[in-house]
Structures are given as structure tokens and as C-alpha cells.
Amino acid sequence: MTASSHQWAPLKLGALTIWPPVVLAPMAGVTNYPFRTLCKRFGAGLYVSEMITARPLVDGREKTLKLTDFGPEESIRSLQLYGVDPMYVGLAVQRLVSEGKVDHIDLNFGCPVPKVTRKGGGAAIPLKPKLLSNIIRAAVTHAGDVPITIKFRIGIDEQHHTHLSSGYIAQEEGCKAVGLHARTAAELYDGEARWEEIARLKAHVRHIPVLGNGDIWESHDAIAMMEQTGCDGVIVGRGCLGRPWLFRDLAHEFRGQKPASAPTFGEVREIMLTHARMLCEWLGETAAMRSFRKHSAWYTKGVPSGAALRARLMHVSTFEQLGRALDAIDPGQEFPESARRLKRGKRSGTQKVALPAGYLESLDDAVPPEAAAESIISGG
């Protein structure tokens, strides 16, 4: 695959300039400080924290406050916030900004998790344009010069598309960009992302940048998405799991250079140990090794006899044990072409989106959902 010769523009978010125009998608339990730092060492971009929830942040809960911490290597402190009540979202933004914790805030309106949509939260919120407007307005009002962006899906299902109205509302309420995961909530992560809907959104929202999300598995996918849709940047999610060097390849592509060769498994082993070591320093060894198990599964996709190795890695409880387990990898083995597009992260499948009783009969109201719609969640 050859690199594109197109001259790409930096992504502008208020006073922030992002080059290349690549954003790491927030993923719960994944995009913490160690993972963000590791990815950034491979290539520049915007690296967004895992999502935090507005209400517990306002209440000062310790676990939530820890997720708002950034490291010394993070020059642009980007955080994703989720909330369903304009008051709490406004207070959360006010706290983050007044304490000087962030340089950018992204609001999540794409979560498809049933326990959240059933209460009227997540991907259900864009169905109510007045509520969506009020939440965004509360964030923008309290953000000062900190840019606010939002991320959402096409809609909840084929009968209820909301991405065009959501993009327009975001633009009118003062957001600096919007991001579209080009699937409905009903589709979850199934099938292929519908990039044509990113193109429709870009044609509809003309005054702020539009970012595309969905099926960026290799660096040339990002170029293809931007060429096909006209979007201003890409959001990378599952494609970088176990493959932080994807950001190096993306940087090369956007500079018109051919991406470097994939690392050998010996190099992958060293990347894994670096990642695990940073997690140990951040969480402590016991919690870090437990957290690293999911990463182990992603890193070793494509490794010969990988199933047996992954089974062993699931029982590792110390950094020393991890190193010994990884000695089973042939360091000279090249990363196989066939492994580059192996899907990682959340499993595929579709669903019927759960909504509160009578929700579709009251889309014109702006009443916030109950607090249960702010369960700690992931997705989007």
C-alpha cells in the first residue's frame, strides 16, 4: 500500500492545533495514562482519556478524580466526560477548568449499553434535541477557552437517525468539532462502519470540523476515510489495541511517507514489557497485572501458538512472571500480514436498543434522565 500524496491540513480545535489529525478514542479501562503515553511515543495526535462521569466528579469521588490525572508527557490534556443532567455536566466542566486540569473536553453521546439507554442515557440522549442542546450549552458556558467537542453515533437504529441533527446542534451551541462513530447503537460494533454517513454529516455541518470513527485498522484506512468522506480527521479505537505502533504508521501516512515495517515479535515483546512496567508504576503491580491481561490478548493476536500463550498470560500476577511467559515468543518472528486486520476489543453482534417506557412519545421534552443513566459505562 502506497502513502497518499494529498496535502492534509492540521485539525483545529479552538486554539489547539492537532497534527496529524488523529484522535485516540476513549476506551474504559484502556486509555489510561500509561497507554496514552505509550501510543504518543509512536506518533503525535490527540490522546483522549478514558471516560469519566460528571456526577461522581462533582461529588469528589476518589476513583473518578484519579481518572482526571494526566502525566508530565501529556502536553494536551484531553478528557472525555459523560453526563445526562445539564447541571452536573456544567459543574463538572467548571471544576475541571477552574482547577486547570484540562485543555480539551469531549462529551460522549454514543454509548449503546442497555443498562444506560434503558434509563434514557448514552445514545438515547440525541433523540431529545432540547436535552442535548441544554447539556452541550452547559458545558460550553462553563468551559471558557477550553474547546468542547462531542461524539455520537448515527442514531439508535435504522428508524431513528440523529447524527445530522446532533451535528447541527453541536455547531450552533459552540462545539469546536464533532465525531461520528458510523454505526447505530443497534449495530454495536457489528459489520462495517458506514463511512457514507460521515460524508453526509460533513456536508451538513459546514462550520466546524467533522471527525470519522469506525474501522481504522491500518494507517491507509485513515487516508481512505478522509478521501472518501471529506472529514477533517479520524478517531482511532479498537484498531490500536495491542498495536500502539499504528500511530507511527498514521504519522507516516499523513506526511506522505510509506509506513514502516511491522515490528517483529521480539519488538512486540519489548513494547508489552514497557506498557506493563508503566502500568505497575501507575497502579501498583497487582492491579497492573490484572489490568494488563486484556492487553496481552490483543498484543498476541497473530503470534504462532498464540492461544496457548494467551492462556498462560491470563494467570500472570507479577511483572517477573510476565517476562518469563513472553520468553516463549520467537523474537525474530515477523508480524504476519494476516494479523494486521484481526478485530480487537468489543465483540460484534447487534441488539434491539432498550429505552425507557414511552420514551419515543416524549422526544420534545428536556427532562434529564435519572441518575441511574450515569452508570459507569464504556462505548460509543
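This chain uses plain numbering: 1 for the first residue, then up along the sequence.
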Neighbour count above 12 (heavy atom, 6.0 Å) for [X] [atom1]:
{"X": "D364", "atom1": "CG", "answer": "no"}
{"X": "E99", "atom1": "CD", "answer": "yes"}
{"X": "D145", "atom1": "CG", "answer": "no"}
{"X": "E267", "atom1": "CD", "answer": "yes"}
{"X": "E158", "atom1": "CD", "answer": "yes"}
{"X": "Y168", "atom1": "OH", "answer": "no"}

Verdict with supporting geometry, E50 and T31, side-chain contact (heavy atoms from CB on, under 4.5 Å): CA-CA 5 Å; E50 56 185 307; T31 55; 3.5 Å; yes
For [X] and [Y], work out which heavy atoms get closest and say how close.
{"X": "A139", "Y": "V89", "result": "CB-CG1, 4.0 Å"}
{"X": "L65", "Y": "G60", "result": "CD1-O, 3.5 Å"}
{"X": "L211", "Y": "D232", "result": "CD2-C, 4.2 Å"}
{"X": "G121", "Y": "P369", "result": "N-CG, 4.4 Å"}
{"X": "D106", "Y": "Q80", "result": "OD2-NE2, 2.7 Å"}
{"X": "P20", "Y": "A44", "result": "CD-O, 3.5 Å"}

Can you tell me if [X] and [Y] form a side-chain donor-acceptor pair at under 3.5 Å?
{"X": "S317", "Y": "Q321", "answer": "yes"}
{"X": "H104", "Y": "T149", "answer": "yes"}
{"X": "K128", "Y": "S133", "answer": "no"}

Centroid-to-centroid, Y359 to H160, below 6.0 Å? no
Verify the ring-centre separation between F152 and H163: is it less than 6.0 angstrom? no
Quick one: is the NZ or CZ of K12 closer than 6.0 Å to the six-membered ring centre of W19, and within 45° of its axis? no
I329 side, atom CD1; L326 side, atom CG - distance, nearest 0.5 Å: 5.0 Å
For the CG atom of L81 and the CE atom of M51, what is their distance to the nearest 0.5 Å? 8.5 Å
Could you check whether the rings of F35 and H275 sit parallel, tilted or perpendicular, using 30° and 60° as the cut-offs? tilted
Over 60° means perpendicular and under 30° means parallel, so tell me whether H295 and Y299 are parallel, tilted or perpendicular. tilted
How far apart are the C-alpha atoms of F109 and H181, what are their side-chain angles, what is the distance that settles it, and do they pass the ring-ring contact (aromatic ring centres under 6.0 Å, His included) test? CA-CA 10 Å; F109 296 107; H181 182 168; over 10 Å; no
Full working for ring-ring contact (aromatic ring centres under 6.0 Å, His included) between Y47 and F247: CA-CA 11 Å; Y47 293 90; F247 293 99; 5.1 Å; yes
Pair T53, Y88 - check side-chain contact (heavy atoms from CB on, under 4.5 Å), show working. CA-CA 9 Å; T53 307; Y88 279 100; over 6 Å; no
Are [X] and [Y] within salt-bridge range, i.e. N to O under 4.0 Å?
{"X": "E74", "Y": "K40", "value": "no"}
{"X": "D103", "Y": "R77", "value": "yes"}
{"X": "R324", "Y": "E320", "value": "yes"}
{"X": "D215", "Y": "R183", "value": "yes"}

